[in-house]
Amino acid sequence: MAPATMRTDPSGEEIASGANRAGRRYDVLIVGAGHAGAQAAIALRQRKFAGTIALIGEEPELPYERPPLSKDYLSNDKAFERLLIRPARFWEERHVEILTGKRIVSVDPAAHAVVADGGETFGYGHLIWATGGRPRRLTCTGQELAGVHSVRSRADVDQMKGELARADRIAVIGGGYIGLEAAAVLAKMGKGVTVLEALDRVLARVAGEALSRFYEAEHRAHGVDVRLGAVVECIEEKDGRAAGVRLVGGEVVEAQVVVVGIGIVPAVEPLLAAGADGGDGVVVDAYGRTSLPDILAIGDCAMHRNPYAGGRPIRLESVQNANDMANTAARALTGDLQPYNAAPWFWSNQYDLRLQTVGLSIGHDVAVTRGDPASRKFSIVYLKQGRVVALDCVNEPMDFVQGRALVVGQVAAAPERLANPDTPLKSLVAG
Ligand SMILES: Cc1cc2nc3c(=O)[nH]c(=O)nc-3n(C[C@H](O)[C@H](O)[C@H](O)COP(=O)(O)OP(=O)(O)OC[C@H]3O[C@@H](n4cnc5c(N)ncnc54)[C@H](O)[C@@H]3O)c2cc1C
């Protein structure tokens, strides 16, 4: 594990700020050393930005990839070292100073400074806020018990893995991607897994009904007990640990480990307290700029008007969005203002199923299934007012690659032609 504070380059100038505290100043200070923060630093250097850069993160590790946490890191198929976004040497060579184990608790936009939980002050020329989100917690009794886990950080997953040996029965609360991915890994380990979803289908927030039903059936076929309309009342306790999940209605689902995957809350309190516009995330313009001077925000925490959502303000939680917003911010800081308009894409691995999504299906009015779901190789094309807005491709990488142009061009296509798997999607691009 990386030491708590890693100064790879003493490039920060000493400045005086705050009553008796001396702090360092960076031309670009990035708060949050995850996907977006790391990519912002990488893109700035790629664009020949020569000023000082520091990346401050509250976790003890160098920036690492989060998607494997619910996939091959949980299943022990990938060691943590292989999750690092870049090795330590990369940051050193590019003079990006990485300060780990520091949580920024306040921002002073007038002084161009931030304060860490230990009281240290850091000055900035520009601040990039890239803090992602914290796992949403249950609010019921027992949510704090030993055995109840989130899946957001390496520490969360290490802690859970340490308890798996003594757990035969696991309850996963939340049938979103993270919950389902964890359920798939745990079922493959031979655990008795129950997925508890409050709505009437899994993936309801992100996918059309046909895909939800397909994944429900897949999980059931792998022995997972998928419960829909299952509303959690509390976590039951035995000997100071979680012992089960009590549902509204009285049933108790036995579980020695409870995995909570019910979304995130954007980590933006210090920025909002400093006066930034926002609420569920911090509001940014097309270039990633917040309402505060010289402060940008990117990644999961940034509420932006996305052209693929009809220009509505949304937050996206994906590696693509983190990386592309970071690139937009790096451009903005190096004099190349280009609006953020990247096509959203996403993936999820469950069992031997690789789902790849492009576009946003929210608000679609027609969903066309292409291929036979029973073959476990098919796509769903989503249309809105006759135009393609998104695709979900299951074990169909060709559709994902070719369908992208349909989404980017919002191509009008006849459902009968889309439905025919013998018609390559690229042949429909011209409309
Ligand atoms: C288990 C899991 C599986 C996923 N699978 C996929 C997938 O398959 N495909 C996909 O596209 N996306 C996936 N995602 C989503 C993807 O990982 C996120 O969208 C992405 O990490 C967002 O990047 P970010 O930089 O905005 O936030 P993060 O990567 O969360 O980084 C934010 C960092 O900021 C730190 N931080 C927060 N507040 C402060 C503070 N005040 N001071 C200092 N540091 C702070 C956090 O500790 C964290 O390290 C997954 C996420 C998880 C958790």
Side-chain angles (χ1 to χ4, degrees), residues 29-42 54-74 83 85 98-107 114-118 120 122 127-136 149-157 160 172 174 176-185 206 259-274 281-282 284 288 297-304 315-326 329 344-350 354-358:
L29 180 63
I30 303 168
V31 177
H35 278 275
Q39 179 58 29
I42 293 168
L55 195 48
I56 298 186
E58 67 185 333
E59 294 186 71
E61 296 89 1
L62 289 174
Y64 63 90
E65 293 174 19
R66 245 164 255 283
L69 294 180
S70 52
K71 307 178 181 74
D72 31 16
Y73 183 67
L74 177 59
L83 270 48
I85 289 175
I98 302 197
L99 303 159
T100 57
K102 292 185 192 303
R103 178 172 183 179
I104 297 304
V105 292
S106 70
V107 179
V114 300
V115 181
D117 45 3
E120 264 176 295
F122 301 91
L127 180 68
I128 301 181
W129 194 261
T131 51
R134 303 187 193 296
R136 187 182 297 280
H149 300 278
S150 312
V151 191
R152 182 73 192 176
S153 64
R154 178 202 190 181
D156 291 339
V157 177
M160 188 199 328
V172 176
Y177 282 122
I178 291 176
L180 292 184
E181 288 177 351
V185 169
V206 287
V259 180
V260 182
I262 55 172
I264 62 166
V265 179
V268 292
E269 305 87 347
L271 265 196
L272 298 187
V282 62
V284 297
I298 57 177
D300 283 11
C301 70
M303 171 77 73
H304 63 282
R315 287 189 307 100
L316 287 176
E317 296 168 14
S318 71
V319 170
Q320 168 277 318
N321 178 65
N323 286 338
D324 287 332
M325 284 194 110
W345 61 265
F346 186 82
W347 77 96
S348 173
N349 298 341
Q350 295 168 49
R354 181 163 176 83
L355 170 73
Q356 294 169 291
T357 295
V358 58

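Remember, it's 1-based here, ligands and their atoms both numbered in the order they're listed. What you see is a predicted model; the values in this text were computed from it and never measured.
Heavy-atom proximity to atom 42 (N) of ligand 1, evaluated over Leu55, Val157, Ile104, Asn321, is greatest for Ile104. In this comparison of Arg154, Lys102, Lys71, the heavy atom closest to atom 8 (O) of ligand 1 sits on Lys71.
Inclusion of Gln320 in the set of residues having an N or O under 3.5 Å from an N or O of ligand 1 is not warranted. Considering backbone and side-chain atoms together, Ala36 places an N or O closer than 3.5 Å to an N or O of ligand 1. Considering backbone and side-chain N/O atoms, His35 comes within less than 3.5 Å of an N/O atom of ligand 1. Between Glu59 and ligand 1, a contact under 3.5 Å exists for at least one N or O pair. Between Pro270 and ligand 1, not a single N/O pair is under 3.5 Å apart.
For atom 27 (O) of ligand 1, the nearest protein heavy atom (residue, atom name, distance) is Gly132 CA, 3.4 Å. Here the protein heavy atom with the shortest distance to atom 16 (C) of ligand 1 is Val319 CG2, 4.0 Å. Atom 31 (O) of ligand 1 has its closest protein heavy atom at Gly34 CA, 3.3 Å.
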Problem set entry | Full working for side chain to side chain contact (heavy atoms under 4.5 Å, CB included) between Asp156 and His149 | CA-CA 7 Å; Asp156 291 339; His149 300 278; 5.9 Å; no
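Here Asp300 contributes atom CG and Arg66 contributes atom CZ; the two are 8.5 Å apart, rounded to the nearest 0.5 Å. Atom CH2 of Trp345 sits about 11.0 Å away from atom OG1 of Thr357, to the nearest 0.5 Å. Between the CZ atom of Phe122 and the CD1 atom of Ile104 there is a distance of 6.0 Å, given to the nearest 0.5 Å.
Listed by number with element, the atoms of ligand 1 under 4.0 angstrom from any heavy atom of Arg152 are 27 (O), 28 (P), 30 (O), 53 (C). Listed by number with element, the atoms of ligand 1 under 4.0 angstrom from any heavy atom of Val151 are 1 (C), 53 (C). Atom numbering of ligand 1 starts at 1 in the shown order; those under 4.0 Å from a heavy atom of Ser70 are 1 (C), 2 (C), 3 (C). For ligand 1, the atoms sitting less than 4.0 Å from at least one non-hydrogen atom of Val31 are 42 (N), 43 (C), numbered in the order shown with element in parentheses. Taking every non-hydrogen atom of Ser318 and a distance limit under 4.0 Å, the qualifying atoms of ligand 1 come out as 11 (O), 12 (N), 19 (O). Close approach of ligand 1 to Arg66 is summarised as follows: ligand atoms under 4.0 Å from at least one heavy atom of the residue are 1 (C), 2 (C), 3 (C), 17 (O), 21 (O), 28 (P), 29 (O), 30 (O), 31 (O), 48 (C), 49 (O). Near Glu317, meaning under 4.0 Å from one of its heavy atoms, ligand 1 places the atoms 19 (O). Each of the following atoms of ligand 1 lies closer than 4.0 Å to a heavy atom of Gly299: 26 (O).
If you look at Arg134 next to ligand 1, the close heavy atoms, those under 4.0 Å, all belong to the side chain. Residue-level proximity to ligand 1 for Asn349 is absent, since no heavy atom of it falls below 4.0 angstrom. Both the backbone and the side chain of Trp347 come within 4.0 Å of ligand 1, counting heavy atoms alone.
For the salt bridge (charged side-chain N to carboxylate O under 4.0 Å, His left out) test, residues two or more places apart in sequence or in another chain that qualify with Arg315 are Asp280, Glu317. Applying the side chain to side chain donor-acceptor pair (under 3.5 Å) test to Asn323 and every residue at least two apart in sequence or in another chain returns nothing.
When side chains are defined from C-beta on, His35 counts as touching Pro67, because their heavy atoms get closer than 4.5 Å. Proximity of Leu69 to Leu83: side-chain heavy atoms (C-beta onward) are separated by under 4.5 Å at one or more points.
At a threshold of 4.0 Å, the pair Glu61-Arg154 counts as salt-bridged, since one of the basic side-chain nitrogens sits closer than that to a carboxylate oxygen.
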